[in-house]
A.B. asks: 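Got a structure for you, questions after.
Numbering of residues begins at 1 and proceeds along the displayed sequence. Because the structure is predicted, anything quoted here is derived from the model rather than measured. Each ligand, and each atom within it, is numbered from 1 in the order the structure gives.
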Amino acid sequence: MIEIPDIAIPDDLLPHDGRFGCGPSKVRPDAVEMLSGSAGHFLGTSHRQAAVQFKVGELRNGLAELFSLPDGYEVLLGNGGTTAFWDAATLCLIEERSQHLTFGEFSTKFATAAAEAPFLADPDVRSADPGGAPVAEAVEGIDAYCLTHNETSTGVAVTPQRPDGSGDALVLVDATSAAGGLRVDVGECDAYYFAPQKCFASDGGLWIAACSPAAIERIGRLTASERWVPAFLDLQIALDNSRKDQTYNTPSLATLFLAVEQVNWVLEHGGLEFAAGRCDASAAAVYGWADGHAHARPFVTDPDLRSHVVATIDFDETVDAAILAAILRDNGILDVEPYRKLGRNQLRVALFPAIDPEDVAALTRCVDHVLERVL
Ligand SMILES: *Cc1c(COP(=O)(O)O)cnc(C)c1O
């Protein structure tokens with residue numbers, strides 16, 4: 001066992017809220033209070049009755065407003081989180097062959113799901129090393145281009161765009177850690193999908209997808225085809241239920257409630273621009289600090305790729321980031337450990353809209369306080 005130095009960070013340096021994890025991420029205390037206040041007539045009630053259906057409707061409408069969804073786009077939802085959606089998309093959105101941009105753990109998982117599907121051709125996988133991002137390129141025969149808005153494992157964000165010359169192929173964008181925190185033109189995507197435990201400051205277990213008319217048409221066609229689709233992963237069933245403000249099977253009511261609270265909070269303060277602005281302020285605080293630091297630097301070298309929702313900060317060999325993270329944890333600053341499989345001497349900090357930019361700045365001062373004592 002490594003000895004963790006006993007360093008108490010003074011209270012006046014500490015952030016007000018110590019949750020900086022990338023998911024589940026900080027849930028706003030106000031939202032938890034609202035949940036507690038409405039628990040008696042909401043939690044533990046039927047998801048087939050008006051109170052819960054109203055909540056699902058509020059979520060779908062709120063997201064349509066937040067993303068200024070183009071005409072004909074619909075918000076679908078179902079259980080199982082983004083990981084379940086990858087399997088659903090493999091079955092119900094990829095017709096024959098997909099292209100995948102892989103630049104970290106999450107983007108690679110969807111590519112693997114498509115590669116393992118016996119009814120699909122081998123996908124066209126374009127990879128970049130962690131810290132970079134590959135570029136999509138239109139290829140004959142590709143019917144789905146699969147991108148990741150923000151690669152949470154590395155802290156790289158890209159702008160979702162239809163590849164030039166991609167014709168009527170679909171563009172499927174994993175926006176799990178980006179949606180609600182990064183600006184986006186959803187018209188560039190046919191499915192902009194996510195789960196609410198990141199920028200939506202809720203809990204996991206749900207997937208949500210804003211789908212274009214072309215995606216809805218594809219879903220209808222593939223689910224009516226010879227291809228066997230398990231009901232749980234059938235996006236036509238999910239669509240039919242979503243249109244009735246329901247889910248195919250029982251959802252977590254607290255997850256729905258907290259997601260609605262976050263959407264409403266963002267909308268009340270000015271919408272996606274407000275949320276993205278907070279993320280920009282947090283990003284300026286953490287990257288500005290790291291850029292000028294003697295022992296730290298942003299892991300992502302290209303400033304244009306540096307995510308404003310997930311910051312990854314490398315340390316030089318004089319600092320043991322694992323010990324640093326453990327000392328911070330002892331002081332109530334939680335979940336700044338790097339993505340485990342990335343294996344770098346690094347801290348990873350969520351900059352999601354619910355996280356106060358002032359708290360991100362406070363975190364950097366806490367790191368300096370610790371480094372002054374361990375170096
Ligand atoms: C967290 C995350 C996922 C996984 O989401 P689950 O809901 O846990 O399945 C997928 N993609 C990205 C980009 C993520 O950040």
A.B. asks: For atom 11 (N) of ligand 1, what is the closest protein heavy atom, and at what distance to 0.1 Å?
C.D. replies: Asp174 OD2, 2.7 Å

A.B. asks: To check your reading of the model: name the closest protein heavy atom to atom 9 (O) of ligand 1, its residue, and the distance in Å.
C.D. replies: Thr83 OG1, 2.5 Å

A.B. asks: Could you tell me whether Asp335 and Arg329 make a salt bridge, using a distance below 4.0 angstrom between a side-chain N and a carboxylate O?
C.D. replies: yes

A.B. asks: Could you establish whether Asn150 and ligand 1 come within less than 4.0 Å of each other, counting only heavy atoms on the residue side?
C.D. replies: yes

A.B. asks: Could you check, using the six-membered ring where one of them is a Trp, whether Tyr192 and Phe67 have ring centers closer than 6.0 angstrom?
C.D. replies: yes

A.B. asks: In the protein, which heavy atom is nearest to atom 4 (C) of ligand 1, and how far is it?
C.D. replies: Phe106 CE2, 3.8 Å

A.B. asks: So is Phe110 close enough to ligand 1, meaning a heavy atom under 4.0 angstrom away?
C.D. replies: no

A.B. asks: Using a 4.0 Å heavy-atom threshold (strictly under), name the region of Phe194 that reaches ligand 1: side chain, backbone, both or neither.
C.D. replies: neither

A.B. asks: Examine ligand 1 and decide if any of its atoms is less than 4.0 Å from a heavy atom belonging to Gln197.
C.D. replies: yes

A.B. asks: With a cut-off of 4.0 Å, which atoms of ligand 1 are near a heavy atom of Ala195?
C.D. replies: 7 (O)

A.B. asks: Report the relative orientation of the aromatic rings in Phe257 and Phe42; use parallel for angles under 30°, tilted for 30 to 60°, perpendicular for over 60°.
C.D. replies: tilted

A.B. asks: Name the orientation class of the two ring planes belonging to His308 and Tyr287 (parallel below 30°, tilted from 30 to 60°, perpendicular beyond 60°).
C.D. replies: tilted

A.B. asks: Using the benzene-type ring in the case of Trp, are the ring centres of Trp265 and Phe200 under 6.0 Å apart?
C.D. replies: no

A.B. asks: Hydrogens and angles aside, do His369 and Arg373 bring a side-chain donor and acceptor to less than 3.5 Å of each other?
C.D. replies: yes

A.B. asks: Side chains of Asn241 and Thr247: do they bring a donor and an acceptor to under 3.5 Å?
C.D. replies: no

A.B. asks: How about Leu59 and Ile208: do any of their side-chain heavy atoms sit closer than 4.5 Å?
C.D. replies: yes

A.B. asks: Which residue and atom name correspond to the protein heavy atom nearest atom 5 (O) of ligand 1, and how close is it?
C.D. replies: Thr82 CB, 3.5 Å

A.B. asks: Which protein non-hydrogen atom lies closest to atom 1 (C) of ligand 1, naming both residue and atom, and how far is it?
C.D. replies: Lys198 NZ, 1.3 Å

A.B. asks: Determine, using heavy atoms of Glu151 and all atoms of ligand 1, whether some pair is separated by less than 4.0 Å.
C.D. replies: no

A.B. asks: Closer than 4.0 Å to some heavy atom of Thr152 - which atoms of ligand 1 meet that?
C.D. replies: 12 (C), 13 (C), 14 (C), 15 (O)

